[in-house]
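Input: a single structure, listed below in C-alpha cells.
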Amino acid sequence: MRRFLVKRLWHAALTLFVMITGMFFMFRLLPGDPTATVISPALYPKAQAALKVQFGLDQPLWIQYFIYLKNLTVFDFGVSFHTLRPVAGEIGNRMVNTLVLILPSMIFAYFLGALVGAYMAWRRGSKAEGLLVLLATALQSTPVFWLGMLAILFFSLKLDLFPVGHIVSPGKFPQATWQMYFSLDFLHHLALPFMVNVAYQFCFPFLLMRSTMLSTIGEDYIELARMKGVPENKILYHHAMRNSLLPLATTLPMILGWAVAGSVVIETVFSWPGLGLLMVEAVGRSDYPVVQASFLLIAVLTVGGTLLADLMYGLLDPRISYN
Amino acid sequence: QGEKVPPVDFLTWPAAKYQHYYETSSYIADGWRELGLEVNLNPEPFPNPMLGKWFSEHDFDVVMSVLSGAPYRMEPDFFTNAQFNSAHSAPGDWNVGEFADERVDELGEKQLAIYDADARRDVILELQEVLYDLQPEAVIGSAISTTAINTDNLEIPGYVPAPDGLRSIWNQLEMVSLTGQAVKMGQTIDQASFNPLAANIAEDFNNLSLIYDRLIELGPDGKPRNRLASNIKIVDETTIDVTLREGHTFSDGNPLTAEDVKFSFDYFKEWEAAYYKKYLEHLDEVIIQDDGTIRFKLTEAYAPFILHTLGQVFIVPKHVWGSVIEDTGISKPQEFRNTNPIGSGPYSLNYWKEGQEIYFTRRADHFMKPKSDLLFVIFGSAEVVGAALKKGDIDVSLQPLVPTVVGEFEAQENLKIFRTYPNGYMSARYKASGEVFKHKALRQAATAAIPYEKIVDEVLGGDATRSASSIVPINAFWHNDSLPLPEYDIEKAKKILVDAGFTWDENGALHFPE
Amino acid sequence: MANNQKEVLLEIKNLDAHYNVDGQPVSALQDVNFAIQKGERVGLVGESGCGKSTLLKAIMGVLAPNAQITRGAIKLREVDLLQASQEQRRQSRWNDIAMITQSALNALNPVHKIGDQIIEAIQSHRDVDKQQARARATELFELVGVPPQRLDDFPHQFSGGMRQRAVIAMALALSPEIVLADEPTTALDVIVQDQIFERLDLLQKEQAFSMILVTHDLALVVESCSRIIVMYAGMIVEKGPTHEVVRRPFHPYTAGLRYAIPDPSAEYEPISIPGAPPDLSQQIKGCRFAPRCPLATSKCELEMPPLVSSLASDAARQTRCHHADQMDQLRDRFHDQSFWQTAKTTS
Amino acid sequence: MLLDVQDLAKHYVLGEGFSNLFGLSNPQKIRAVDGVSLRLQPGEVLGLVGESGCGKSTLARILVGLESPSSGALLFNGNDIAEDIKSNRKLFHQKVQMIFQDPYGSLNPQHTIEEIVTRPLIYQRLGLSKAELRERAIAALNDAEMMPAERYLNKFPHELSGGQRQRVCIARALVLQPDLIVADEPISMLDVSIKWSIVRLLKRLVKERNIGLIYITHDLSSVPAICDKLAIMYLGRVVESGLCDDIFKHATHPYTQALLAASPNPNPDIRRGRPNISGVIPNASDIPAGCRFHPRCPNAQPQCEMEQPAERHKGYHRAECHFAFDAKTEVTNRA
Amino acid sequence: MLRTFLNFFSIVWRSTAGKISLIVFTICMSLAVLGPIAAPFGPTERVYDATGNLVRLAPPSWDHWLGTTLLGRDVWSQMLWGARPALTIGLLTALGTVVIGVNVGLLAGYLGGAVDSFLMRLTDIFLGLPFLPFIIVLLSLTGQNIWTIILAMMAVMWRSTARIVRAEVLSLRERQFIAAARTTGASDFDIIYREVAPNVMPFALVGITFALAWAIITEASIGFLGFGDPNVVSWGSIIYDAYASQMMYRAPWWVVPPGIAIMILVTSVYFMGRAYEEVVNPRIKQAV
Ligand SMILES: Nc1ncnc2c1ncn2[C@@H]1O[C@H](COP(=O)(O)OP(=O)(O)OP(=O)(O)O)[C@@H](O)[C@H]1O
Ligand SMILES: Nc1ncnc2c1ncn2[C@@H]1O[C@H](COP(=O)(O)OP(=O)(O)OP(=O)(O)O)[C@@H](O)[C@H]1O
Ligand SMILES: [Mg+2]
Ligand SMILES: [Mg+2]
C-alpha cells in the first residue's frame with residue numbers, strides 16, 4: 001500500500017511537472033506572439049519595451065522558466081498580465097464560484113444518475129427504460145450551451161422564474177463573500193445553471209450505471225443471492241448496485257476536474273463569474289500566467305482525482321491489494 | 001496594358017465576435033469587386049494575431065480600422081497628425097498605413113506648437129482638407145451607441161451629450177438614484193486594475209477618474225475644463241503654470257498639495273508608466289512655484305499637453321505612493337494592487353468583488369458634487385445586461401444595445417433611450433506604401449466605390465453618423481464640415497481610374513497603368 | 001421418518017422449458033420427470049448444454065428472464081412451486097432447497113465478506129440477530145472444515161477448494177432438505193475434489209438431506225450417488241439405480257458416456273461419440289440422439305421415443321429409446337470406436 | 001534424443017524494478033519450476049501430471065521458447081535451445097509447436113480458419129504463394145481430421161464446436177511440420193464424449209510421423225490411453241517418472257499414490273480407498289524445506305523435514321523420496 | 001479492416017435503434033455532401049426582397065424555411081452549408097484520434113515496460129489537460145481554421161481511446177492465441193498488427209463513434225465560444241452568431257435549428273456506437 005502510494009505520488013508529480021513545463025514552453029514557442037495583446041501593438045514602441053521589462057519578458061527563455069519554477073514552489077503563480085494582480089488571488093475566487101456551481105450539481109447528477117440507472121437496468125426492457133435512455137442520449141448529444149440558452153429562454157424570459165444570469169442580484173452583494181453563498185438570492189441565481197448542469201451531467205452516470213448494472217445483473221452472485229431468498233430490493237441495493245457503483249464512483253473524482261474545465265460553456269451562457277469564464281477571457285487576452293495557473297489547477301484536480309479514484313478502488317473493491 | 005492589380009488582402013475582424021466590423025468590410029469588398037478588384041477578406045482572430053498584423057507587422061493591403069472614441073481623443077492631434085505623420089510609421093506606432101506626405105507632415109508639426117485654439121484650428125482644418133484629397137483611408141463613419149436607463153429608479157437631470165455617453169464622468173456625476181440606493185450600472189468588462197500606473201484599458205481609466213482627480217478634465221464638448229486646476233496659464237511655448245484648487249483633501253483626510261501634483265508627474269515619468277509614456281515625453285521638469293502654483297517645463301512646444309498630459313495624469317497622494325515600494329516589498333509601483341485606493345476624486349471605492357461588482361461611494365464634500373453612489377455590475381454578456389435592465393435589476397446599461405432591439409427597449413414605458421455619438425470612427429485604412437494602394441487614384445476610386453448608405457442602413461441599423469474626416473462631427477470645434485461626404489458612385493470611381501490610366505481586361509479585372 | 005419407507009420429497013412432472021433467443025424458442029428442457037426421495041443422492045449427468053443447470057435453476061425458481069416454463073409441475077412435498085406466489089417461493093428457497101453453484105469463484109460476491117454472505121442467507125429467512133447468525137456461520141465453517149476466523153475474509157482470499165467449501169457451508173446454513181449441487185468440483189484438482197466429497201458424504205450422513213449432484217463425470221456419480229439420471233439435449237434419456245445403469249445401460253448414449261470414461265481395470269480404449277448435440281432452436285421430431293446413434297433407424301428420426309421402463313423387474317429403470325430391447329445384445333459393441341463411426345453424422 | 005532437459009529451473013521474482021529503489025518492497029521469489037530433468041525420444045509421448053500450480057505450464061512455455069529458463073540446460077536434437085533461439089528464433093519455432101488448453105482462447109476470434117492455419121507459414125516468411133498457403137492449410141486440416149477441410153476454411157472459430165476448434169489448433173501446430181509438440185491440457189475443456197477422439201488423433205500423429213509429444217494433464221485417468229512415459233510433478237519438481245505402466249502398477253512416491261487414489265473410477269465393481277494426504281499444495285513462493293512434500297505426506301519422518309531427498313531409481317523408474325522403492329511403503333495398485 | 005467496417009454496419013442495422021440512427025446519420029452525411037448544392041443561398045449571402053430591402057430577421061416562411069438572420073441570411077441555407085464542416089471536422093478528428101489512440105494503446109499495451117510507462121505517463125498528462133480550454137489555447141496560438149481545429153482536438157482526444165485500447169490489449173496479450181502466434185515465429189510487429197489489432201478494431205470503431213460525437217459537440221462549443229474558423233459557417237457558429245447578435249431569445253428560428261441538428265446527429269452517432277457495442281462487446285463501457 002505504502003509502495004503503491006509512493007509510486008502513484010511520484011507519477012502524479014512527474015505528470016504535473018511535465019505539464020507545467022510543456023505549458024510554459026507551449027505559450028512561448030508556438031507561433032503567435034502572446035505578448036501581442038498584453039503589450040498592445042497599439043502602444044508606442046517605447047511603452048511596449050517598458051511593459052516587456054515590467055513582465056520580465058526581456059529575460060532569456062530559460063531564465064524565465066527557472067524563475068517560474070522557483071516561484072511555483074512557494075505557490076506564486078506570477079502576475080496576471082491583464083490585471084497585474086497575483087494570479088493566485090485572481091483564480092481563487094473564481095474557482096470557488098465554479099465549484100459551488102459544479103460540485104453540487106455533479107454530485108447530485110451522479111447520485112440521481114446512479115439511482116435511476118440502476119433502477120432502469122433492473123427494469124430492463126421496459127418502456128420507461130427505452131424512453132429514458134433515448135432522453136439521456138439526446139441530452140448528452142445536446143451542446144450544453146444551447147441547452148442553457150433554451151432554459152433561459154423558457155424559464156427566465158417566458159416564465160420569469162429565474163434570473164437570466166450572474167451570481168447574485170446587483171447590489172445584493174454581501175460584505176463578506178462567504179455570506180453570499182448562503183443567501184437566498186444566490187440560490188435563486190444558482191438554480192437554473194444548476195438544473196441545466198444536472199440535466200447534462202446526469203447522462204453519463206446514468207448510462208454508465210445502467211450498462212454496468214446490466215452486466216452485473218448477469219453475474220452468478222446475483223443469481224446466488226436470489227437463490228438464497230434474499231428479498232429483491234436488497235439484491236438490487238446490496239449486491240447489484242454495490243458492485244456496479246465501482247466504476248462510477250471511481251470516475252467521479254477524475255470527471256470532476258474535467259467538469260471544471262468544461263464549465264467554460266455553461267458559465268458563458270449564464271454569465272457565471274467562474275474559472276471557466278476567466279480562462280476564456282484570459283485566453284482571449286493572452287494572459288498566459290492566468291491560463292497556465294488555471295490549467296495547473298485543473299491538472300492538479302484531475303491528477304489528484306485519478307489518484308483518489310485509484311485509492312477508492314482499493315477501498316471499494318477488496319480484490320485490489322496494491323501489489 | 002500594365003500589370004494586373006494583385007488581389008487585395010483585406011485584414012478584418014472575425015465575423016463571429018465582431019460582426020458589424022466584419023460585415024462592413026464585406027460590404028466594402030463587394031463594392032470594390034465592382035471596380036474589377038479581386039478582394040480577399042482575411043478575418044483574423046482578435047486581438048491576436050489581428051492586432052499584430054495591424055499595428056506591428058502592417059501585414060495587409062487594407063485594414064478594417066475601428067478606432068474607439070475616448071474623451072482624450074478629442075484632442076485633434078490624435079486622429080490626424082499622430083495617424084498620418086510619416087514619422088510615426090514604425091511598427092507599433094499609429095501610422096499603420098505607412099502613409100507619407102510632406103504637406104501632411106508639415107501641417108502636423110505646425111499645429112503641435114500652437115497653443116491658441118483658434119489658430120490651431122485653422123491648421124487642423126487645412127490638414128483635414130489635405131488628407132481628404134490624398135485619401136490615406138476611406139472614412140465610413142461612426143456607429144451611434146444606444147444605451148438606456150430605467151426611469152423608475154434613475155434620473156439624470158443634467159445629462160450632457162458627451163461622446164462617451166453614460167460612461168462620461170459628467171453624466172455619472174449627475175445621476176440621481178430615486179431608490180436611495182446606489183445607481184446600478186451593468187457592463188461586461190471588469191476593472192483590470194485600480195493602480196493608475198498599471199491601467200491601460202478605457203474602462204479602467206473611467207473608473208479611476210472617479211477615484212482620482214486630474215488637473216484638467218475634458219468637457220463633453222472636447223474642451224478642457226478645470227478640475228484640480230483653478231487656472232492655467234501658458235507662459236511661453238514650453239512653460240505652463242497651473243494654479244491649484246484650494247482646500248481640497250484626499251479621501252483619507254490629508255490635504256492635497258502642490259507636492260502631491262509634482263510627485264505624481266515625476267512618479268509616472270520616473271517609473272515609465274507605459275500608458276503615459278508618450279504624453280510625458282515632452283515634460284522636462286515640474287517646479288513648485290508656491291503652495292498653489294505648479295510650473296511645467298517642456299522640452300519643446302507641445303499643444304496637446306493640456307489635454308493629453310494635464311488631462312490624463314491622475315494626482316495620487318505622495319503619502320501613500322511615496323513609500324509604496326518599501327511598504328509592500330514590490331519591485332515597481334506597477335505591481336501594487338491598490339485595492340484600497342486613496343484618491344481625491346468625487347467617489348471612493350467601497351468594495352470590489354472581482355469579476356462581479358464594484359461599488360463607489362460618493363464624496364459629498366467633493367467640488368464636482370456627485371449625486372449618488374455608483375454600483376457597477378459585471379455581467380458575462382451584453383445580452384444579459386439588456387435583460388437585466390428590462391427586468392429592473394439594473395438602472396443603466398453601459399453596454400450598447402443592438403440596433404434591432406432598440407425599438408423593443410424604447411417601447412417599454414420605464415426605459416429611456418440615450419443615443420451617444422462617439423468620437424471614434426471606422427475606416428478602411430489603406431497601406432499607402434503597399435503595391436496596390438500606393439496609387440492615389442486607386443485610393444480615391446476605392447473610396448467612391450464603397451456603398452456607404454447600405455452599410456449604415458443594413459449593417460449598422462441606421463444608427464451611425466457619416467463623416468468625411470477622421471475628426472468626426474461630434475468633435476465639432478475641430479471637425480472640418482466643409483468637406484463633402486464621399487458618396488457611392490461607381491461611375492465616378494471608374495472615371496478616376498480611367499483618367500489615371502488604369503484599364504480592364506476582358507474578364508473585367510483591373511490593370512495598373514503602364 | 002421412523003420407518004424405512006422413503007418418502008418422496010421433490011417431484012418434477014412433465015417439465016418443459018425454453019429460452020427465447022432472438023424471438024426463437026430454444027427448447028432447453030422437455031418432458032422431464034423424476035422424483036427425489038428423502039436422504040438420497042441422485043446423480044445427473046450429460047454433456048455440456050444438455051440442460052442440467054437449467055433444470056436446477058427451474059427448481060430453484062431463478063431462471064433467466066428469457067426463460068419460460070411452459071408445462072409441468074415442480075412439487076415439493078405435494079406443493080407445486082410453480083403455483084406459489086413470489087414471496088412464498090422466496091421463503092422456500094434456501095430454506096427447503098439450497099444450491100451449490102457451478103463456479104464458486106463467481107458465485108460469491110467479491111465485495112462482501114464471506115461470513116456476511118452466509119449471515120445474509122440466514123437473516124433473509126430467520127428472525128435472528130447478527131450474533132446468532134454469525135454463531136451459526138461459525139458452526140458451518142467448522143462443519144465444512146474451514147477455520148472460522150476466515151469468515152471475515154473476502155472471496156478472493158480463498159483458494160478454489162476453500163471457496164467451494166464456503167459455498168457448501170452456505171448451502172447448509174438453514175439445514176435444507178434438498179441440496180442441489182451443480183458441478184461442485186469440476187474446477188478443482190482430483191485431490192481437492194476427493195476431500196470435498198469426503199466432507200459432503202460426512203455431512204449428508206449427519207444431516208440427512210437429499211442431494212442432486214450434477215456433473216460431467218460419470219465416475220463421480222458411480223462413486224457417490226445411488227441413483228442416476230442421464231440427460232441428453234434437454235431430455236432424460238435414462239434413469240435408475242446407478243450401478244445397474246452403468247453396468248447395463250439401455251440407452252446408446254449412456255453406453256457411450258460409460259465407455260468414454262477410461263477405466264484402468266478394463267481392456268477397452270475409451271471411445272468418443274462422434275458429432276455434437278443438436279441445435280435446440282430447431283424443431284426436432286424424433287429422438288434427439290438419433291443423428292449420433294449407431295442404432296438409429298428411420299423410426300428414430302421421425303418419432304420421439306417415450307421414457308419407459310426398460311426392465312420389467314424394476315419400474316425405476318427407465319429408458320428413452322426405441323431400441324432399448326436390442327441393447328443387451330449390442331452393448332459390447334459400444335466399446336468399439338468403429339461401431340460409433342457408423343452413425344449418420346460421422347463424416 | 002529429441003529432447004533432453006537437465007535440471008531446468010524457472011524462478012520469477014516479483015516486486016523488483018524501479019520502485020525498489022526506495023527499498024519499499026521485498027522481492028518475492030516464485031520457484032515455478034525448480035530443477036526438472038526429462039528425456040524424450042522421437043515417436044514417444046511423455047505425460048506430465050501434477051496438481052494445479054505445480055509448474056506444468058511454465059515448463060511447457062519454456063520448452064516452446066515462450067520463456068527462457070533461469071538455469072539448467074535444454075537440448076533439442078542435441079542443440080542448446082537457448083542458442084537456437086538466439087541464432088534463429090523462427091527456425092526453432094518451426095520445430096517445436098504447442099497446443100493449448102483452451103481451444104477457444106488459443107484461436108484468434110477475428111481470423112478465419114484458413115487465416116489461422118496459414119498464419120504460421122506467413123510468420124515464418126517462407127515466401128509461399130496464396131495457392132500454396134491454402135494447399136498446405138488444407139493438408140494440415142485433413143491431417144487433423146477436419147474433413148472436408150474446404151468446408152471450414154472460411155468459418156470463424158466461434159462457428160465451430162469445441163472439438164473442432166481443438167483440431168484446428170492441432171492443424172495449426174502441424175502446418176509447420178514440427179518435431180516436437182507440447183500439448184498443455186489439450187482435452188480438459190472438452191466434453192467427455194469427444195475427448196478421446198482428440199487424444200487418439202494426437203497419438204496417431206506421433207506414431208505416424210515419429211515426432212515427440214509432451215502431454216500435460218492433471219487428470220491421471222487419461223494418461224494410460226496415450227502416454228508411453230510419465231512424469232509426476234509436485235511444486236516445480238518431477239517427483240516420480242518412468243514408464244507409464246510401471247508407475248500405474250508400482251507407484252512409489254506417496255504423492256503419486258495419492259493422485260492415483262483420488263481419481264474416481266467409473267467401474268461400479270471397484271471400490272477405491274481414499275487417499276490419506278491432507279492439506280493443499282503450498283504456494284510456489286513458499287516451498288517447504290527438506291522434502292517439499294513432507295507437510296502433506298502420510299509417511300513423513302523427521303528426516304523428511306531436514307533434507308531434500310535424492311533421486312532413487314529402479315530401472316527407468318525414478319522417484320524423489322527418501323523411502324522410494326522401499327518394500328514397506330510400496331503400494332501395489334489394484335490390478 | 002474492411003470486414004470490420006462492413007460488420008459494423010450490418011450489426012448496427014440489426015437493432016431498431018441502430019437502423020434509425022444509421023438512416024439519420026446517412027441523411028446528415030448526404031446533407032454534408034449535397035447541402036451546398038441544394039442550398040438556395042450562399043452561406044453568407046444577403047437576401048434582398050423585391051424592393052431592394054434586406055430581408056432581416058424574417059420568421060420562417062415559404063421562401064425562407066427557417067427564416068433569416070439579422071443580416072438577412074437564409075438560416076436553412078446556412079444549416080445546409082454548416083453540415084459539412086460539422087461532419088468533416090467530426091469524421092477527420094474521430095479518425096485521427098482513433099488512429100493515434102489505437103497505435104499508442106497497442107504499443108503501450110503489448111510492448112509493456114518502458115514504452116508502456118512512457119506512453120501512459122504521456123496519456124496521464126493529456127488526461128490532466130482541461131479539454132476545451134486547452135483546445136482554445138491551441139487555437140488562439142496557432143490560428144483558427146478547420147485544420148487547426150481538427151489537429152487541436154486530435155491532440156487531446158486520443159487519450160481515452162489509448163487507455164481503453166491499452167486495457168484491452170493487456171488482457172488480449174495474455175490470451176493464448178498470442179502465445180500461439182509467438183510459438184509459430186511471429187515477430188512483435190506481426191503480433192501487434194496482425195493478431196492483436198484485429199481484436200481491438202471493435203473498440204476502435206466504438207471509439208470512432210464516441211470521438212465523432214464528441215468532436216461534433218466540441219466543434220460547436222468552440223464555435224460558440226468564438227474560436228471557430230472565421231471563414232466557415234458551421235452549426236456552432238450559427239448559434240454563436242445569434243448569440244453575439246443578441247438575438248438568441250428573439251429569433252428562435254435562428255437558434256433552435258442548429259441545436260436540434262447537432263442533437264439529432266450526435267444522438268444517432270451515439271446510438272450507432274451503442275448498438276454495435278452491445279453486440280460485439282458488452283465490456284466496452286462508455287468511453288470516458
Ligand atoms: N440465458 C440463456 N439464454 C438462452 N439460452 C440459454 C440460456 N442459458 C442456457 N441456455 C441454453 O440452454 C441449453 C441448456 O443450458 P444449461 O446451462 O442448462 O446446460 P448445462 O447442462 O448446465 O451445461 P454445462 O454442463 O455446460 O453447464 C444450452 O443449449 C444453452 O446454450
Ligand atoms: N509469469 C509469472 N509470474 C509469476 N509467477 C508465475 C508466473 N507464471 C506462473 N507463475 C507461478 O508459477 C507456479 C506454476 O504455474 P503454472 O502455470 O506453471 O502451473 P500449472 O501446473 O500449469 O497449473 P495449472 O494446472 O493451474 O495450469 C504458480 O504458482 C504460478 O502462480
Ligand atoms: Mg451447467
Ligand atoms: Mg497450466
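To find a chain, count down the sequence lines: A is the first, B the second, and so on, and within it residues start at 1. From a predicted model like this one, the values you see are computed outputs, not experimental measurements.
E:F227 pairs by the ring pair (Phe, Tyr, Trp, His ring centres under 6.0 Å) definition with nothing, not counting sequence neighbours.
With 3.5 Å as the limit, one finds a donor-acceptor pair spanning the side chains of E:R274 and A:T137. Between the side chains of E:S234 and E:E219, at least one donor-acceptor pair of N or O atoms lies under 3.5 Å.
A:T302 touches chain E through its side chain: at least one heavy atom from C-beta onward sits under 4.5 Å away, while N, CA, C and O do not. Interface residue A:I298: backbone and side-chain heavy atoms are both found under 4.5 Å from chain E. Of the atoms belonging to A:L14, it is side-chain heavy atoms, and not backbone ones, that fall under 4.5 Å from chain E. No part of A:L139 comes within reach of chain E, as not one of its non-hydrogen atoms sits under 4.5 angstrom from that chain. Of the two parts of E:A220, the backbone and the side chain both hold a non-hydrogen atom closer than 4.5 Å to a non-hydrogen atom of chain A. Heavy atoms closer than 4.5 Å to chain A are found in both the backbone and the side chain of E:V255. Contact of E:L122 with chain A is not made at all, since no heavy-atom distance falls under 4.5 Å. The contact between A:M149 and chain E is made by backbone and side chain atoms together, counting heavy-atom distances below 4.5 Å.
When each of E:L265, E:V269, E:L132, E:L225 is checked for heavy-atom pairs under 4.5 Å with chain A, E:L225 comes out on top. Note: E:I260 leads E:I260, E:T218, E:I216 in heavy-atom pairs under 4.5 Å with chain A. Chosen from A:V291, A:V280, A:I152, A:V303, the residue pairing most often with chain E at heavy-atom distances under 4.5 Å is A:I152. Most heavy-atom pairs under 4.5 Å with chain E: of the set A:A261, A:G130, A:A12, this distinction falls to A:A261. Listed options E:F126, E:F131, E:F271 were ranked by heavy-atom pairs under 4.5 angstrom with chain A; first place goes to E:F271.
Classified by interplanar angle (parallel below 30°, tilted 30° to 60°, perpendicular above 60°), the ring pair E:F134/A:F295 is tilted. Ring orientation note: the planes of A:F204 and A:Y110 are tilted relative to one another, at an angle of 30° to 60°.
Contact annotation: the side chain of E:R159 never approaches that of E:T97 to less than 4.5 Å [non-hydrogen atoms, C-beta and beyond].
Shortest non-hydrogen contact noted between A:S244 and A:M213 is OG-SD, 3.2 Å.
One finds the CD1 atom of A:I102 at 9.5 Å from the CH2 atom of A:W272 (value rounded to the nearest 0.5 Å). Going from atom CD1 of E:I136 over to atom CD of E:Q144 covers 9.5 Å, rounded to the nearest 0.5 Å.
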